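As the structure is a prediction and not an experimental result, all values here were calculated from the model. All values below come from the heavy atoms of this structure, side chains included, with hydrogens, waters and symmetry mates left out.
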Amino acid sequence: VFSSVISVLDMSIFKDQFVLEDLIQEIKKKSTALSFGPLQSNGHISVQGSFPAIELLRDFLLLKAKSLSEKDKREESKSHQRPRRRLQQQRLTTETSNFVDGADGEKQVVVLDTDIYHYMKYFFSRTFLVNDNVVISDVTDGDVTTVYIKNIGNRSDAGQVLKVKEKIENQSIKLHNTLRKERIYFQEHTRGEKQRYKWACENLKPHYPHVLIIPYDTHIDVVGNPSEIFEFTKKVSN
């Protein structure tokens, strides 16, 4: 709806664990579609761009915030740690070593929009194909799905985890630029009405092979190319 929106980020919550200037630089590299204002002394920074791009930035920051309380994710951001005391640095270095070389193997994390994750799983399942030494798991929390990629083999396979992560990220970026979602709400919420909608979707689906239908108790989400999903939802409603 809006070509551009502005948001003010409060980065002060990260100041005890990260060098804010380094963290901002990392954000800028990951969010090239956004423009940033100067970092204020209170940790606030303004960001402007499209809503989907700001949503991706939000997902990235959620992951960073979550990493503060989880050891295995905290080691991923070691390069941003503030070197205050030598003892603290030594402890972090030891934990990182255990994280990479320990029995649990290497782990990478990717945060995705839940609808894009479902679309990828359905239409681009090969993106998640891995060998026997790599395991992929996921945790969905509303509109955000966190994908965990873990190496359970030897160190020679450690690079496979990063390759899988990059493959998932690249595919999700492509889809994020092209996919849109329409939502069909149930009016009566009766079993009969839901069956009618289900029947209509099943009958129309062969004519829209690239449209993903995700049914819920109160509505149906339709994900795909903007023109196709608009036409699809209109026909289903009729």
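Checking side-chain atoms of Thr32 against main-chain N and O of Lys29 turns up no donor-acceptor pair under 3.5 Å. Between the Thr114 side chain and the Val144 main chain, a donor and an acceptor come within less than 3.5 Å of each other. Using a distance-only test at 3.5 Å, with no hydrogens or angles considered, a donor-acceptor pair links the side chain of Ser172 to the main chain of Glu169.
Classification of the Phe123-His210 ring pair by plane angle, with boundaries at 30° and 60°, yields tilted. Taking the six-membered ring where tryptophan is involved, the planes of Phe18 and Phe14 are perpendicular, since the angle between them exceeds 60° and thus also 30°. The aromatic rings of Tyr185 and His219 sit tilted, their planes meeting at an angle between 30° and 60°.
Side chains of Val223 and His118 form no contact here, defined as non-hydrogen atoms less than 4.5 Å apart. Under the 4.5 Å side-chain criterion, counting only non-hydrogen atoms from C-beta, Asp115 is not in contact with Leu179. The shortest side-chain heavy-atom distance between Met11 and Leu61 falls under the 4.5 Å cut-off. In this structure, the side chains of Val130 and Gln160 stay at 4.5 Å or more apart for every pair of heavy atoms. Put simply, the side chain of Glu26 reaches to within 4.5 Å of the side chain of Leu23, judged on heavy atoms. With contacts defined as side-chain heavy-atom distances shorter than 4.5 Å, the pair Ile27/Val47 does not qualify. In this structure, Ser31 and Leu56 have side chains that are not in contact, with every pair of non-hydrogen atoms separated by 4.5 Å or more. Looking at Arg191 and Lys194, their side chains never come closer than 4.5 Å, going by heavy atoms from C-beta outward.
At a threshold of 4.5 Å between side-chain heavy atoms, the hydrophobic network of Ile, Leu, Val, Met, Phe, Trp and Tyr places Val147 and Leu212 in one connected group. Under a hydrophobic-cluster definition in which Ile, Leu, Val, Met, Phe, Trp and Tyr are linked whenever side-chain heavy atoms come within less than 4.5 Å, directly or via other members, Tyr117 and Val211 are assigned to different clusters. Hydrophobic cluster membership is shared by Ile116 and Val164, with clusters built from Ile, Leu, Val, Met, Phe, Trp and Tyr side chains linked at under 4.5 angstrom.
For the pair Trp199 and Asn203, the tightest heavy-atom approach, listed with the atom from each and the gap, is O-ND2, 2.7 Å. Nearest heavy atom pair, residue Pro38 against residue Ile45, reads O-CG1, 3.9 Å. The heavy-atom pair separating Ala53 from Leu34 by the smallest distance is CB-CD2, 3.6 Å. The minimum heavy-atom distance between Asp217 and Phe186, with the atom names listed, is O-CD1, 3.4 Å. In this structure, Ile229 and Pro226 approach most closely via the heavy-atom pair CG1-O, 3.3 Å.
Considering CG of Leu39 and NE2 of His44, their distance stands at 10.0 Å, rounded to 0.5 Å.
Remark: Asn42 CG is packed, more than 12 non-hydrogen atoms of other residues, nucleotides or ligands lying under 6.0 Å away. Atom NZ of Lys205 has more than 12 neighbouring heavy atoms from other residues, nucleotides or ligands inside a 6.0 Å radius. For Tyr122, the OH atom counts as loosely surrounded, since its 6.0 Å shell holds 12 or fewer non-hydrogen atoms of other residues, nucleotides or ligands.
Classification of Arg58 and Asp143 as a salt-bridged pair holds, one side-chain N sitting under 4.0 Å from a carboxylate O.
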